[in-house]
Amino acid sequence: MVTIPTRLTKFFDIQHPIISAPMALAAGGALAGAVSRAGGLGLLGGAYAVDDWIETQWREAGNADIGCGFITWKLKQALVEQPDLLDQVLARKPKALFLSFDDPHPLSNTIRDAGVPLVVQVQTLRDAKRAMDCGADVIVAQGAEGGGHGERRATMTIVPEVADEVARTNSNAILCAAGGIADGRGLAAALMLGAEGVVMGSRLWASEEAIVHPAMLEAAITATGDDTIRSSVMDIARTLEWPDRYTARVLKNAFTERWHDDLDGLIANAEAESTRWKQAWVDGEVTTANTFVGEATGMISGVRPAANLIEETVMQASALLKRYA
Ligand SMILES: Cc1cc2nc3c(=O)[nH]c(=O)nc-3n(C[C@H](O)[C@H](O)[C@H](O)COP(=O)(O)O)c2cc1C
């Protein structure tokens, strides 16, 4: 088996420096389990912290060694109603707990006290410094090319900038890159930028194991990277209170065309538009509900088994790294 050993693979005792993104609703137990069994680190998309979803999906992963991701601000809110939620997940001894979006404090203390490796995804250098202060074992520098929520910085610059900061502060933190990495070219590039591994979202979203409506997969296969947009209209439609700094990358459609530049108008029509969007999501009606996928959609040509994607990515990266050695 071709492997690319890095500090990430050593730290987690895995074969490949690839983490599957904890994608809300899409990254269930089947995907997380498949990625871990293929030698990467598979994560559940615990996202909006719905307790029984996590439990069911953990069972779906079988005996695979998986971790779990949460949206930090949402987990903080959820803990008010369900104070045991994080402890219950930590009691499962996840391979890693992944936090993204908002200050990881004080959750970071609880996670570290439980002896569970902490992965923090960041969108700015400032947040990377804060993640190091929180004692994150792994920092993921996320570029705006990525699918789902994120911010403004590009992968190409945020990764080396954070790599320099990690080196300067002599942190033991291990850096990973996220945003636009969909094959071996992306993995090799991320390693050259100073990362020791990657988080892959969009490409694994289009895998046989992910939980995605077939019409959305079809839309992503047909789309190119030109067809995506970062917007907040989906969060208004879903009545989710995302902090203003974060937008999500999705495929443009009639809904974003209508409302992206008229958020006040959307808010004024929120009830009807929200009902319409949510029904379209269930129906896979992609001109109204948005397909959550990044610019890497232009590199998605079909739905494949996750293990296959991981293996091919590593083989391609390994060949490229040798060629330019
Ligand atoms: C469908 C989808 C859902 C996502 N949901 C989450 C999430 O719930 N929590 C999170 O931390 N990141 C989430 N992300 C972002 C990923 O963590 C990651 O940064 C991103 O997918 C990397 O870029 P890529 O999509 O180009 O691979 C999501 C991404 C996608 C595509």
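Please read these numbers as outputs of a predicted model, since none were measured by experiment. Start at 1 and go down the list; that is how both ligands and their atoms are numbered.
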> When you measure from atom 27 (O) of ligand 1 to every protein heavy atom, which one gives the shortest distance, and what is it?
Replying inline: G201 N, 2.8 Å

>> Could you check whether any side-chain heavy atom of T247 comes within less than 4.5 Å of a side-chain heavy atom of H149, counting everything from C-beta outward?
In response: no

> Q142 heavy atoms, cut-off 4.0 Å: which ligand 1 atoms fall inside?
Replying inline: 15 (C), 18 (C), 19 (O)

> If we only count heavy atoms from C-beta on, is the L99 to L118 side-chain gap below 4.5 Å?
Replying inline: yes

> Excluding sequence neighbours, so at least two apart, what forms side-chain hydrogen bond (donor to acceptor under 3.5 Å, both in side chains) with D283?
Replying inline: Q279

> Of all the atoms in ligand 1, which lie at a distance below 4.0 Å from a heavy atom belonging to Q121?
Replying inline: 11 (O), 12 (N), 17 (O), 18 (C), 19 (O)

>> Is the contact between F292 and ligand 1 made by the side chain, the backbone, both, or neither, using heavy atoms and a 4.0 Å cut-off?
In response: both

> Do you know the tightest heavy-atom contact between L90 and A114?
Replying inline: CD1-CB, 3.9 Å

> If you count the atoms of ligand 1 from 1 in the order shown, which ones are under 4.0 Å from a heavy atom of G180?
Replying inline: 23 (O), 24 (P), 26 (O)

> Just which atoms of ligand 1 are under 4.0 Å from any heavy atom in I71?
Replying inline: 8 (O), 9 (N)

>> If we count only N and O atoms by modelled type, under 3.5 Å, do the side chains of Q15 and T3 hold a donor and an acceptor together?
In response: no

>> I need the atoms of ligand 1 closer than 4.0 Å to a non-hydrogen atom of S100, numbered in the order shown.
In response: 11 (O)

> Relative to ligand 1, is A24 under 4.0 angstrom through side chain, backbone, both or neither, heavy atoms considered?
Replying inline: both

> Could R203 and D183 be called an ion pair, given the rule that one side-chain N must be under 4.0 Å from one carboxylate O?
Replying inline: no

> What's the shortest distance from atom 20 (C) of ligand 1 to any protein heavy atom, and which residue and atom give it?
Replying inline: G147 O, 3.7 Å

>> Any donor-acceptor pair under 3.5 Å linking the side-chain atoms of S100 with those of Q121?
In response: yes

> Looking only at N/O atoms, are S202 and ligand 1 under 3.5 Å apart anywhere?
Replying inline: yes

> Side chain, backbone, both or neither: which part of V140 comes within less than 4.0 Å of ligand 1 when only heavy atoms are counted?
Replying inline: neither

> Do we see a donor-acceptor contact under 3.5 Å between the side chains of W277 and N290?
Replying inline: yes

>> Determine whether the aromatic ring centres of residues W242 and F101 are separated by less than 6.0 angstrom.
In response: yes

> Taking heavy atoms and a distance under 4.0 Å, where does E295 meet ligand 1: side chain, backbone, both or neither?
Replying inline: neither

> Is R249 reaching over with its side chain to a backbone N or O of A144, donor-acceptor style, under 3.5 angstrom?
Replying inline: yes

> Looking just at side-chain N and O atoms, do E285 and T287 make a donor-acceptor pair shorter than 3.5 Å?
Replying inline: yes

> Does ligand 1 have an atom that lies less than 4.0 angstrom from a heavy atom of F70?
Replying inline: no

> So among V116, L107, L43, which one has a side-chain contact (heavy atoms from CB on, under 4.5 Å) with L97?
Replying inline: V116

> Got the closest protein heavy atom to atom 10 (C) of ligand 1, with its distance?
Replying inline: F101 CE1, 3.6 Å

> For atom 16 (C) of ligand 1, which protein heavy atom lies nearest, and how many Å away is it?
Replying inline: A21 CB, 3.5 Å

> Hey, which atoms in ligand 1 end up nearer than 4.0 Å to a heavy atom of M23?
Replying inline: 2 (C), 3 (C), 4 (C), 5 (N), 6 (C), 28 (C), 29 (C), 30 (C), 31 (C)

>> Heavy atoms only, cut-off 4.0 Å: how does F98 contact ligand 1, side chain, backbone, both, or neither?
In response: side chain

> When you measure from atom 6 (C) of ligand 1 to every protein heavy atom, which one gives the shortest distance, and what is it?
Replying inline: P22 O, 3.5 Å

> Going by the atom numbers of ligand 1, which of them fall below 4.0 Å from some non-hydrogen atom of A47?
Replying inline: 8 (O)

> Which of the numbered atoms in ligand 1 are below 4.0 angstrom from a heavy atom of G179?
Replying inline: 22 (C), 23 (O), 26 (O)

